[in-house]
Each structure stands twice: as structure tokens, then as C-alpha cells.
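Note that the numbering runs from 1 along the sequence shown for the chain.
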Amino acid sequence: FGSSRCQDKIRPFRLELASICGIMEPAAPHRRVIAVATAAAALASAALIMAALTSPASDSTSRSADVPRSHALRPRRLPDSPSNSGAVLPASSGAAVLGRESVGADYSGYTVLRVAPAREEHLALLSDEALVGAGLAADLWSEPRTVGEPVDIMLREAHVEKASEYLQRHGMTFETAIADVQTAIEASHPYWQASRQAQGASHAEADFELSQYHEFDDIMAWLDKTAAAYPELASVFVLGESYENRTVKGIKIGAANVSKPVIFVQCGIHAREWVSPASCLYVIDMLLGNGTGTSSLIAAFEWHIVPVTNADGYAYTWSGDRLWRKTRRPQQEPGCIGADPNRNFDDHRCLSWMSKWCSSEVYCGDAPLSEPTSRNIAMYLEGLKNNSIDIQGFVDVHSYSQYWMWPWGWTTEVDPDNKAQSKCGHAAIRAVRAEHNTKWTVGPIAQTIYSVGGSATDWAYDKMGVKYSYAVELRDRGSFGFLLPADQIIPSGQELFAGLAAMASCMSSLEGR
């Protein structure tokens, strides 16, 4: 076990050994339950695979076991063909039209299973660590939270049968949520682009519809155009530059030359969560006079909204891999691209073993604020604070699962401002529910979903002193997951706007504004 070759071979099993020994990040009570069955399964898996690794054929036959979950799960890339070479195909052809550039990741045959954990030990058996120990290449679209809350797991075709056997063996019921992920990707894409491009219309010439998903450059152009249309209320600011040299912009909304507390809203920090930027664009539109009751919102606060914080990752979901989550900066480990910017903030970062794995979807990065995405956010907010600007609200908008949460994520203990945060959080979801009668859950992050180290929400509260710091998970609850159809953008935006308005009203009341 001392050689570098052997160390590399056994890396996937350190996760399971860590969970058996209890070396895990602080978590909700159910996350600390590591069942005896999990340990037995892990040790059995480790023994079998280690035996395979010592065989003469191990180097050529067991590479899928050598890499962590997210690498093993990466889809094959489509070959150059009319359907992915940038050519526009008629919508009636059934081929995917995936933006200006071809999307090379093919998720044909990938399946999303929805699992119903019925006991505490099921939650441990559905953790990243346990799935790796069972030899499953899986992507947890939603994490195991509480008994009865469904867990969505994406699997490649070759692993569906093995996963089914694993779940059945441990007494878990499940169903197929998405039968073919590639089909769902194609269904959720803005097919209207194909017809407009086929007619020779550029994106700049086409109407910008809030009911559709848009590429990064088009969103930035819309911000410029929108601010120019409302010079007394809005102005564009630059958050920073991305690793791939994209200029990341946001918009300030509020009466000019009037000093007011700031509510900072960031969207799209995880690249594949497309409904986050789309819903935030809707909020911008509502604040600029197209929503009811907006005058009081901009009278009490100045809103700083960044529709796409993870510019490179979001652009890559249009040109490379629709389900890409992280940033695009190469990491120190050779061949490893990107980190999770919402694990990269300097606040109890890298708590879990999985977040220390470079190829994990939740990799915490080479160093605190190593990613331009997180560093841009930190520097911008620090700049506001250094200029004595009162940042009273911080909202990090994600998808999916329909949650409205506040600190802390790194521990299940409640923070000193829990009472006020809870009051305004509950006000927000009452307003959200009133829009479309959807089911939402509210509470501190670690108590509500799972423990998160290095998150933007905790950092804003702990390091910036932002009392009303929230993390929001938009639609849906798993029917479409990250591939929410465009016809749900407006309802999602309506819910987010209603929640933010109620939150801001509550903040004004509690703070005497």
C-alpha cells in the first residue's frame, strides 16, 4: 500500500473507509448514521476490486474503478456529424439543437432513478461514499436528506441493473424519473433558436424572450440594453473576469444618487442550473416596473443582481456538456478541470472527503477563492463593504428542490440571527406558495438538506456580516431536475420574485426601514 501506484489504485476506497471510521464532515443527524450494512458492503467491494487490481489484467480492465464518481460518469462525446458540428437541423428532424456550438456530451442511455429512503440507514447507503464503495458510477442530482424525501441518482446504462440490485438488496423502493437523459436534454433546449438561425437572424436581431433560456453573451447584451432603457433606475456593473476571459456583468437597480442598503442576488453559480439565470432575468424585469409593488422594493433597497456568476461553466453547458456543474479552470491535479465555486469560499471549506477529490462534482478547489467565480463575488462584496455600503441581504439562487434556506451549512447548530432569518425565510415561502401552490421547504441549510462547507451563503454571513443571507433552490422537485422545460421559466421567476419581495418587506420591517 505504500507505492504510488497502489495508492492511486485504492483512492476510491478511502471515501468508504473514512465513512466507516466516522471521518466525515459535520452533518445532520442522519448523515452521521453509517449502517453496519454499509461498512460490510464497502469492505466487500474493496476486497473484490483490490483482488482485481492485483491481477495481471488490472491495468487495462479496472480503470473505471480508479477514478472517482464524476469522471467515471462523464458521457461519451458525440462524433463530428451534422447533428453536432454546428449545422442547424430542422426542428422536425428530432435532432438536438444545442446552441451556437455543438454540445459534445452524449447522455443517450443515461437514466435518473428516484429512490425513496424509508429508514435512516438508507440515507447512509445513498451517500456518495457508499455508492462509490458499491462500485457505482453515479451522479447524485439530489442528496439524501431525510427519510421519505426522494433521492435522484443519474446512472449510465451499464450501471442501472447493478444499481437496481443494490437498492433492492437494501430494501429501497425506486422508480425511473427520467428514462433517457439525452432525450430530456433535447426536449428542454430552446428549439426556437434553430428556426431563427435558419432564417438568417442573429441573436442580437432576435427578440429576447424571458420565457426561453439564453446563452451567456446574449444575457450580457440584454443587461446592457435593459439598463440603457431605464437610465434613472438601472446601471450595469462588472463583477469581474472569468478564467476564459469573459466579462461577468450584473445590474444595479434603485433610485439614482440615493444611498440605500444593498440586496445582492447571485445566480448561476452552478453551470447546469439553467433556471437560476432565467428566473433572475425575470426578477430584473419585474423590478424595473413590470411587476406590482416594485416601487417600495427599490425605494427601500438597491438591488445588485448577477444573472450568471459561473460564466465559463455556463457557456460550456451550451458548447460542451449540458450537465457540467463546476468552473472550467484547470486544477493542480493533471487532467482535472474545474471546482465547485460554492465549496470554494473561505469558510469551513473542504469539510468532506468527497469535496477534497479533484474530480468530484463538489471539489472545493486548490485553495480558498482559487476560482475566479468565487473570487469575483468575494472581491465585489468586500469592495462594497470597504466603501461603507451596507449589504443587508444576500441571496444565492440555485435549482432544484424548492428550498429557502439560511446559515449555517457547515454545522447543524443555529446561528445567532436564526430568529430573524427564519421569520423572513418563512415570509418568503408563504409568498412563493401563494403564486402556484407549490410545495417548498424552509430552514437552516445543514438541518434542511445536508452539510456544506465553503458555501457562499455561509461566507456572506460569517465573513461579510450579511444578516439576511439565503440559499434558494428553485423548481422543480425532481420530475425534470436540472432539465426544466422552458415553459416553467416564467412560473419559476414569479415564485422567486414573490419570495424576494416578501423577504425584502420582512427585512424592512425588522430593521425599521
> When rounded to the nearest 0.5 angstrom, what is the spacing between CG in Leu233 and OG1 in Thr226?
12.5 Å
> Might you confirm whether atom CD of Glu244 has over 12 heavy atoms from other residues, nucleotides or ligands at distances under 6.0 Å?
yes
> Going by side chain to side chain donor-acceptor pair (under 3.5 Å), name the residues that satisfy it together with Gln402, two or more places apart in sequence or in a different chain.
none
> Which is it for Trp408 and Asp462 under the side-chain hydrogen bond (donor to acceptor under 3.5 Å, both in side chains) test, yes or no, and what are the steps along the way?
CA-CA 9 Å; Trp408 282 309; Asp462 289 333; 2.8 Å; yes
> Specify the closest pair of heavy atoms between Ala339 and Gly365, including all atoms of both residues, with the distance to one decimal.
CB-CA, 3.7 Å
> Do the rings of Phe497 and Tyr282 sit parallel, tilted or perpendicular, given the 30° and 60° boundaries?
perpendicular
> Testing the 3.5 Å rule here: is there a donor-acceptor pair between the side chains of Asp417 and Tyr461?
yes
> Using the side chain to side chain donor-acceptor pair (under 3.5 Å) definition, which of the options Thr373, Asp340, Thr327 pairs with His270?
Asp340
> Indicate whether any N or O donor in one side chain lies under 3.5 Å from an N or O acceptor in the other, for His304 and Glu302.
yes
> Report yes or no: is the cationic atom of Arg322 (NZ for Lys, CZ for Arg) under 6.0 Å from the centre of the six-membered ring of Trp274, at an angle within 45° of the ring normal?
yes
> So, Ser399 and Glu473: side-chain donor and acceptor under 3.5 Å apart, yes or no?
no
> Parallel, tilted or perpendicular: which one describes the rings of Trp303 and Phe301, with boundaries at 30° and 60°?
perpendicular
> Examine distances only and state if a side-chain atom of Asn344 and a backbone atom of Ala367 form a donor-acceptor pair shorter than 3.5 Å.
yes
> Give the ring-plane orientation class for Tyr316 versus Trp324, where under 30° counts as parallel, over 60° as perpendicular and anything between as tilted.
perpendicular
> Return the OH to OG1 distance between Tyr314 and Thr309, rounded to the nearest 0.5 Å.
11.5 Å
> Kindly compute the distance separating CG (Asp128) from OG (Ser352), expressed to the nearest 0.5 Å.
8.0 Å
> Among Asp366, Asp312, Ile337, exactly one meets side chain to side chain contact (heavy atoms under 4.5 Å, CB included) together with Arg329. Which residue is that?
Asp366
> Atom CD1 of Ile489 and atom CD of Glu209: how far apart are they, to the nearest 0.5 Å?
10.0 Å
> Output all residues satisfying ring pair (Phe, Tyr, Trp, His ring centres under 6.0 Å) with Trp141, sequence neighbours left out; order by chain, then residue number.
Phe482
> To the nearest 0.5 Å, how far apart are CE in Met464 and CH2 in Trp459?
4.0 Å
> Does Lys356 qualify as a cation-pi partner of Trp353, given the criterion of NZ or CZ under 6.0 Å from the six-membered ring centre and within 45 degrees of its axis?
yes
> Do you know which of Val306, Val466, Asp396 makes side chain to side chain contact (heavy atoms under 4.5 Å, CB included) with Phe264?
Val306
